[in-house]
Structures are given as C-alpha cells and as structure tokens.
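Right, one structure below, let's go through it.
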Amino acid sequence: MPWRSESDQNTYSKKLIEALRQINSPETTTTKPRIAGQVRETADRVLASTAKGRTRWSRAILGKWKKLRRHHRKVKKTASGLNRAGIEKERIRRLPAVQKKTRVLGRLVPGCRKVPLPNLLEEATDYISALEMQVRAMTALAELLAGGTSAGIAGQVLS
C-alpha cells in the first residue's frame, strides 16, 4: 500500500485529530501518563483503520484493540508450560543469526510472529512506511499546537 501519497496523509491526519479530540474531551478525566498512553494507542488504532485491514499488521492492531475491549480471564501457566519455555529458549540460542533476526523482526511487526520470510519483509516495509507517515503527521500536529515556525506547513497537512 502506498503510504506516501498526499491523500493518505490527509486522511490519516483528519482521523487522528478527530480521535485525539475525543480523548481530550471534558468527559474524560484521566491522569497525564494515562493520556500519553491513550494518544499512542489512538495513533496506532487510527493508522490501522486507515490501512483498512488490508495488511496483517493493521488487522493485528485492530484485533488487539477489540480484544482489549472485551473482558477475558487470564490463563494460569502450568509447570509444563514453564518447561517448554525453557526448551524453546535453548532452541532459539542455537539458531543461526539470520533466523534470530528474522524472529526479532517478526515480533516487532504486529501480527507477524509466524509468517514466512518473504511475507514478513513485505509486511515490515509497509509497516515502516506507515509509521513514517504517522511520524510526519504527529510532528506537524505538534508543531501546529506549539505554534512553531512551520505551522503553515502543518496546516497544509492537517487541512
């Protein structure tokens, strides 16, 4: 998905501003650390909804958000589960360097833990370009709110 287009940037910016307005509404009385977490979660959720579920990472973010809204009981780990975790760590230590790095990359991209390498690389490149767009939009928004010198540029992105 091309995240570099002006229309994608504008769509994301508008959705982000609307979602941030809902967080900052007078009805929500939360502490500052909680608001910071909400901003990060909202930005990720808006980014995933802008992708419209066309990618694995966007579906994973949207699915995670939906799961958090439901109430689930925590599952207790058994002693056998702890043993398996130790065996898994030992097996990971013996993996070649490329496989270790592939596994780490799979953990960094939402929803891509058990994806073949070609699919993982495609998802990672799309996720990185989406995150770059998110950074551009949030930087423009921060400059606009701070009354910075490039507020005109930020206004163009946010309009």
Side-chain angles (χ1 to χ4, degrees), residues 1-77 81 84-85 88-89 92 95 98-146 153-159:
M1 175 172 201
W3 289 99
R4 294 173 185 92
S5 72
E6 198 70 28
S7 64
D8 288 335
Q9 185 79 36
N10 289 336
T11 302
Y12 174 73
S13 299
K14 288 176 185 177
K15 286 182 178 181
L16 179 63
I17 289 171
E18 184 59 37
L20 291 176
R21 281 186 183 142
Q22 290 177 358
I23 289 176
N24 203 19
S25 67
E27 297 91 40
T28 57
T29 55
T30 55
T31 61
K32 287 192 179 202
R34 180 65 187 137
I35 289 176
Q38 286 177 330
V39 169
R40 184 173 48 248
E41 290 170 8
T42 300
D44 288 342
R45 199 171 57 242
V46 169
L47 185 65
S49 69
T50 304
K52 298 176 183 171
R54 286 181 250 166
T55 58
R56 183 180 294 268
W57 62 263
S58 65
R59 289 189 299 270
I61 290 173
L62 292 173
K64 175 184 171 190
W65 181 66
K66 288 177 184 176
K67 283 181 186 175
L68 290 176
R69 294 188 69 179
R70 294 184 210 139
H71 298 288
H72 288 287
R73 283 189 248 162
K74 290 184 178 179
V75 179
K76 294 181 180 179
K77 287 189 176 180
R84 275 191 239 137
E88 183 70 19
K89 284 183 182 179
I92 289 173
L95 290 176
V98 173
Q99 286 181 336
K100 284 182 186 177
K101 291 178 182 183
T102 302
R103 199 171 269 227
V104 170
L105 180 62
R107 281 189 236 129
L108 290 174
V109 180
C112 292
R113 285 184 181 248
K114 297 180 179 180
V115 177
L117 182 60
N119 295 358
L120 175 62
L121 295 176
E122 184 179 331
E123 288 285 331
T125 55
D126 185 66
Y127 186 57
I128 289 169
S129 63
L131 288 176
E132 287 173 344
M133 183 193 65
Q134 184 182 40
V135 168
R136 284 193 306 267
M138 292 184 84
T139 301
L141 182 61
E143 288 175 355
L144 181 67
L145 293 174
I153 296 170
Q156 290 174 354
V157 170
L158 298 176
S159 62

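These numbers come from a predicted model, not from an experiment. Values below: all heavy atoms of this structure, side chains included; hydrogens, waters and symmetry mates excluded.
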Residues which pass side chain to side chain contact (heavy atoms under 4.5 Å, CB included) with Pro118, listed by chain and number, not counting sequence neighbours: Pro116
Gap between atom CE of Met138 and atom OG of Ser13 - 0.5 Å precision: 10.5 Å
Distance-minimising heavy-atom pair for Gly111 and Arg56: O-CD, 2.7 Å
Distance (rounded to the nearest 0.5 Å) between Thr139 OG1 and Gln134 CD: 10.0 Å
Verdict with reasoning, Val109 to Val115, per side chain to side chain contact (heavy atoms under 4.5 Å, CB included): CA-CA 10 Å; Val109 180; Val115 177; over 6 Å; no
Minimum heavy-atom distance between Ala51 and Thr55, given as atom pair plus value: CB-OG1, 4.3 Å
Gly53 to Arg59 - nearest heavy-atom pair and separation: O-NH1, 2.9 Å
Chi angles and distances behind the side chain to side chain contact (heavy atoms under 4.5 Å, CB included) call for Val46, Thr50: CA-CA 6 Å; Val46 169; Thr50 304; 4.1 Å; yes
Nearest-0.5 Å distance, CG of residue Leu16 to OG1 of residue Thr11: 12.5 Å
Distance (rounded to the nearest 0.5 Å) between Asp44 CG and Leu62 CG: 10.5 Å
Least distance between heavy atoms, Ala43 atom then Tyr12 atom: O-OH, 3.4 Å
Gap separating the NZ atom of Lys101 from the CG atom of Leu108, nearest 0.5 angstrom: 13.0 Å
Rounded distance [0.5 Å steps], CG in Leu121 versus CG in Leu105: 6.5 Å
Where Leu47 and Ala130 come nearest, the two heavy atoms and their spacing: CD1-O, 3.6 Å
For the student: nearest non-hydrogen atoms of Leu120 and Gly106, plus distance: CD1-CA, 3.7 Å
